[in-house]
Amino acid sequence: MDGALPNQLVDGQELAAPDAQPGSDRRGARRHATVLLVGQVRHRGIDAMCLVHDISPGGVMARFTTIPVVGEDVQISVRGMAAARANIRWVRGYKAGLAFDTPQDLSKVLGKEDGKVARAPRFAVSLATQMTVRGERTVVELVDLSPGGAKLIVDGPLTPGTPVQLSLPTAPAPLPATICWCKDGRMGLRFTFPLSMTMLADTLALGDHETDTLDD
């Protein structure tokens with residue numbers, strides 16, 4: 001990943017189309033945007049995550065947590081793009097090229113709308129953990145996780161804007177975060193630093209998680 005953080009957009013450049021083998025010399029290929037975006041892929045009713053390396057209206061090139069299979073149909077979503085059906089065209093280790101069934105509008109993926117950046121995919125999960133607030137530890141249940149934040153079930157109201165630390169079994173140290181909202185026993189956190197793909201995938205593997213509706 002060359003030190004780049006998930007969800008960080010980097011300079012666009014000319015790349016081979018997702019339905020072309022890596023390293024192939026395909027002239028006239030569409031211009032693609034080189035990105036690092038955490039995505040959500042659904043296959044046979046199971047949610048998994050991926051890291052999208054480049055994207056175009058016609059498809060994506062992404063790295064998966066398990067080795068994909070050429071010819072299989074999946075649904076994939078990234079920040080700013082709702083779940084889209086796609087077919088796996090080529091595989092090279094954990095990396096694969098996917099072609100969308102229909103062209104996708106990438107305006108929200110690559111830019112802003114009304115001054116706002118679209119939210120990254122969120123993953124439903126059920127995992128008991130601990131949170132530290134003003135030096136006191138409390139048991140919470142993690143119910144939703146993304147690279148940028150989390151949703152928790154908590155006892156009692158907490159004030160938005162309060163700094164906290166969330167413990168994850170996959171993190172070497174508690175993660176600094178800020179309370180964004182708290183209502184009806186649930187609370188949203190925004191992490192100070194985004195989770196890496198590895199930490200996110202390892203945490204999801206520990207908890208019970210299922211398919212959840214993706215928000216743009």
Mind checking the [atom1]-[atom2] spacing from [X] to [Y]? Nearest 0.5 Å is all I need.
X    : Y   : atom1 : atom2 : answer
D105 : M81 : CG    : CE    : 10.5 Å
H53  : K95 : NE2   : NZ    : 5.0 Å
Y94  : I67 : OH    : CD1   : 4.5 Å

Derivation and outcome, side chain to side chain contact (heavy atoms under 4.5 Å, CB included), residues M49 and V38: CA-CA 7 Å; M49 63 175 297; V38 172; 3.8 Å; yes
For a quick test of reading the model, state the closest non-hydrogen atom pair linking [X] to [Y] and the distance between them.
X    : Y    : value
A96  : P68  : CB-CG, 3.8 Å
S146 : F191 : O-CE1, 3.7 Å
G80  : K108 : O-CB, 3.4 Å
A150 : L145 : CB-CD1, 4.0 Å

Mind checking whether [X] and [Y] have side chains closer than 4.5 Å, heavy atoms only?
X    : Y    : answer
S126 : E141 : yes
K151 : W181 : yes
C50  : I76  : yes
L175 : L195 : yes
D54  : V60  : no
T138 : E136 : no

Side-chain donor-acceptor pairs of residues 153-173 under 3.5 Å, sequence neighbours excluded:
residue: T162; atom: OG1; partner: T159; partner atom: O; Å: 2.7
residue: T170; atom: OG1; partner: T203; partner atom: OG1; Å: 2.6

Side chain to side chain donor-acceptor pair (under 3.5 Å) involving D184 - partner list, sequence neighbours excluded: none
Are V70 and F100 connected into the same hydrophobic cluster when the rule is that any two of I, L, V, M, F, W, Y join if their side-chain heavy atoms are below 4.5 Å apart? yes
Does the side chain to side chain contact (heavy atoms under 4.5 Å, CB included) test come out yes or no for L152 and M131, once each step is laid out? CA-CA 10 Å; L152 310 171; M131 182 178 67; 3.8 Å; yes
Where do M61 and W90 land on the side chain to side chain contact (heavy atoms under 4.5 Å, CB included) test, with the steps shown first? CA-CA 9 Å; M61 181 172 69; W90 57 262; 3.6 Å; yes
Decide side-chain hydrogen bond (donor to acceptor under 3.5 Å, both in side chains) for N87 and E72; before the verdict, give the C-alpha distance in whole Å, the side-chain angles of both, and the deciding distance to 0.1 Å. CA-CA 6 Å; N87 180 262; E72 291 196 326; over 6 Å; no
Stepwise side chain to side chain contact (heavy atoms under 4.5 Å, CB included) check, I55 with L106: CA-CA 9 Å; I55 189 168; L106 303 183; 3.8 Å; yes
Under a 3.5 Å cutoff, is there a donor and acceptor pairing between the side chains of R137 and Q130? yes
